[in-house]
Peer 1: 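Dropping a structure here in structure tokens format, bear with me for questions.
Every heavy atom of this structure was used, including side-chain atoms; hydrogens, water molecules and symmetry mates were not. We number each residue from 1, following the sequence as shown. Fair warning: this is a prediction, and the values are worked out from it, not measured in the lab.
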Amino acid sequence: MDLSSKTLYNGNCHCGRYRFQVYAPNIQAAISCTCRLCRKKAYLWLIPGEDDFIVVRDEGYLTAYESGSLRDRFCSICGIGVVGEHTRGPLKGSFCVNIRTLQGVNPFEIESLATIVDTPDAIDEQKLGTEVSSHPLAQKICSCHCGKTHAELLIPLQGQELKEDNCSSCARIGYIGVYPTNDEVILHGKENTSEYLYGRKYTGVAFCKTCGVHVFSVVHGPPLTILDTIPAGQHEHFMSVYRKSVNLQPLNIRSMEEVDLASLHITRTDEGTEGYALD
């Protein structure tokens, strides 16, 4: 393994139960596959050289999922997809590492420079995500890949504020949020998801237990005991903000069916991963 022209990158799922090192030339671009699973998980791929990928810590929490085009592995605790191997298309047989999981790499700088690899979905996948809307006002459907959980958006996407940031969690998911209220969304299959909480635990990220796709988030807000630390004159304002926040039902636009991300106005906040640290 010739390391003279390569940089050592440390990578991990968000919770850190799976960690690795990969040697690669200075990363300035990525591979972006068009298959349905890669799109929903916002994968940005790096194909390392032979022996350039080294597992540092594996606590046994990775779950395997296979679509018609990709076999990937994601953490069953935090839901982050780490590695994969395509089973069809131009990338068939290539072991790939999700660049989003690498420390010190800003996906905002990489995604726009990605090489697009066209991988048409397998015939048996083409009907996935075509869940029949149960509500006459349904405008869009956000769905995991396997179809065990999905959400109906009851208001037009046009005109809604769409946000993406590159915090340690959102960067790994590729999360692009839209923020309707609870009564503007119908969730299906919530029991088939796991919720990952971290940091202050004000918001949980839900992902399908089977395929690992993040469809929605769960807003908990701060504990009301925080009122004890706020001046009495500010309680009314705090409760107004609190009620507004917990009434939101955020959805991940990446999981939305039949949407062209390039046509959407997405506000990106480039704050990075400051404050994120593993034990």
Side-chain angles (χ1 to χ4, degrees), residues 32-44 67 79 81 100 107-108 111-112 114 116 121 125-167 169-190 192-193 195 202-208 211-221 241 243-271:
S32 178
C33 171
T34 63
C35 79
R36 186 167 176 266
L37 184 57
C38 282
R39 295 197 311 270
K40 286 183 177 291
K41 292 193 173 184
Y43 279 139
L44 295 174
S67 70
R100 291 183 179 277
F108 282 2
E111 188 169 14
S112 63
I116 308 299
D121 291 316
E125 284 189 82
Q126 294 175 0
K127 292 184 179 180
L128 290 174
T130 57
E131 294 85 355
V132 177
S133 299
S134 62
H135 197 287
L137 296 181
Q139 303 288 311
K140 290 288 186 180
I141 292 178
C142 292
S143 172
C144 69
H145 186 272
C146 68
K148 290 186 177 180
T149 181
H150 69 279
E152 295 177 274
L153 179 63
L154 306 183
I155 57 175
L157 184 62
Q158 184 178 4
Q160 298 300 309
E161 186 176 22
L162 309 179
K163 298 179 182 179
E164 180 180 15
D165 67 56
N166 60 354
C167 73
S169 175
C170 292
R172 284 171 166 76
I173 300 169
Y175 192 95
I176 301 175
V178 61
Y179 301 89
T181 59
N182 285 311
D183 59 2
E184 294 170 336
V185 174
I186 300 177
L187 294 179
H188 302 269
K190 188 174 182 178
N192 298 320
T193 65
E195 182 182 351
Y202 290 0
T203 301
V205 182
F207 60 93
C208 176
C211 64
V213 171
H214 295 76
V215 176
F216 61 91
S217 296
V218 182
V219 180
H220 299 285
V241 174
R243 285 189 288 268
K244 181 178 180 180
S245 296
V246 297
N247 191 42
L248 295 178
Q249 179 49 76
L251 300 177
N252 181 12
I253 295 297
R254 298 269 191 185
S255 71
M256 188 168 285
E257 303 292 336
E258 299 179 348
V259 65
D260 177 16
L261 293 180
S263 68
L264 302 176
H265 176 69
I266 301 168
T267 300
R268 290 184 166 88
T269 305
D270 191 3
E271 295 182 348

Peer 1: Do you know the tightest heavy-atom contact between S143 and V215?
Peer 2: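 S143 and V215 have their closest heavy atoms at C-CG2, 3.8 Å.
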Peer 1: Any chance you could measure I173, atom CD1, to C167, atom SG, to the nearest 0.5 Å?
Peer 2: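 Separation between the atoms: 7.5 Å.
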Peer 1: With heavy-atom distances below 4.5 Å as the criterion, would you say the side chains of R39 and D121 are in contact?
Peer 2: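 Side chain of R39 against side chain of D121, heavy atoms only: contact under 4.5 Å found.
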Peer 1: To the nearest 0.5 angstrom, please state how far the OG1 atom of T203 sits from the NE2 atom of H220.
Peer 2: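 Rounded to the nearest 0.5 Å, the OG1-NE2 separation comes to 7.5 Å.
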Peer 1: Can you name the nearest heavy-atom pair linking C146 to C211, along with the distance?
Peer 2: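 What the structure gives for the nearest pair is N-SG, 3.6 Å.
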Peer 1: Just say parallel, tilted or perpendicular for the rings of H214 and F207, cut-offs at 30° and 60°.
Peer 2: tilted
Peer 1: Would you sort out whether E257 and R36 count as a salt bridge (charged side-chain N to carboxylate O under 4.0 Å, His left out), showing the intermediate values?
Peer 2: CA-CA 9 Å; E257 303 292 336; R36 186 167 176 266; 2.7 Å; yes
Peer 1: Taking salt bridge (charged side-chain N to carboxylate O under 4.0 Å, His left out) as the test, write out the residues that go with E111, two or more places apart.
Peer 2: R100, R254
Peer 1: Can you tell me how far apart CG (L154) and CD1 (I186) are? Round to the nearest 0.5 Å.
Peer 2: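 Separation between the atoms: 4.5 Å.
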Peer 1: Where do K148 and C208 come nearest, in terms of heavy atoms and distance?
Peer 2: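 For K148 and C208, the tightest heavy-atom pair comes out as CB-SG, 4.4 Å.
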Peer 1: Show the nearest heavy-atom pair for residues L44 and S32, with the distance to one decimal.
Peer 2: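 Residues L44 and S32, closest heavy atoms: CD2-CB, 4.5 Å.
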Peer 1: Only pairs under 3.5 Å count here: list side-chain donor-acceptor contacts from residues 244-251, not counting sequence neighbours, and write none if there are none.
Peer 2:
residue : atom : partner : partner atom : Å
S245    : OG   : V241    : O            : 3.0
N247    : OD1  : N182    : ND2          : 3.3
Q249    : NE2  : S217    : O            : 2.8

Peer 1: Please report the shortest heavy-atom distance between I266 and L261, naming the atom on each side.
Peer 2: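 For I266 and L261, the tightest heavy-atom pair comes out as CD1-O, 4.3 Å.
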Peer 1: Report the distance from atom CD1 of I253 to atom CG of L157, rounding to the nearest 0.5 Å.
Peer 2: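 These two atoms lie 5.0 Å from each other.
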Peer 1: Using atom types as modelled and distance alone, determine if a side-chain donor or acceptor of D165 lies under 3.5 Å from a backbone N or O of D270.
Peer 2: no
Peer 1: Nearest 0.5 Å please: distance from the CD atom of E271 over to the CZ atom of F108.
Peer 2: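 Here the rounded value is 9.5 Å.
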Peer 1: So, does K40 use its side chain to make a donor-acceptor pair with the main chain of G212 at under 3.5 Å?
Peer 2: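 No; zero donor-acceptor contacts below 3.5 Å.
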Peer 1: In the structure I gave you, are the side-chain heavy atoms of Q160 and L153 within less than 4.5 Å of one another anywhere?
Peer 2: no
Peer 1: Under the ring-ring contact (aromatic ring centres under 6.0 Å, His included) rule, collect the residues that match up with F216, sequence neighbours excluded.
Peer 2: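 With neighbours one apart ignored, the set is empty.
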Peer 1: Taking R268 for the side chain and E164 for the main chain, is one N or O donor matched with an acceptor at less than 3.5 Å?
Peer 2: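 Checking the backbone N and O of E164 against the side chain of R268, no donor-acceptor pair under 3.5 Å is found.
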Peer 1: State which residue, out of L37, T149, N252, fulfils the side-chain contact (heavy atoms from CB on, under 4.5 Å) condition with C144.
Peer 2: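 Answer to the side-chain contact (heavy atoms from CB on, under 4.5 Å) test with C144 among L37, T149, N252: T149.
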Peer 1: For S255 versus V213, what's the shortest heavy-atom pair and its separation?
Peer 2: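 That closest heavy-atom pairing would be CB-CG1, 4.1 Å.
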Peer 1: How long is the gap from SG on C33 to NZ on K41, to the nearest 0.5 Å?
Peer 2: 13.0 Å
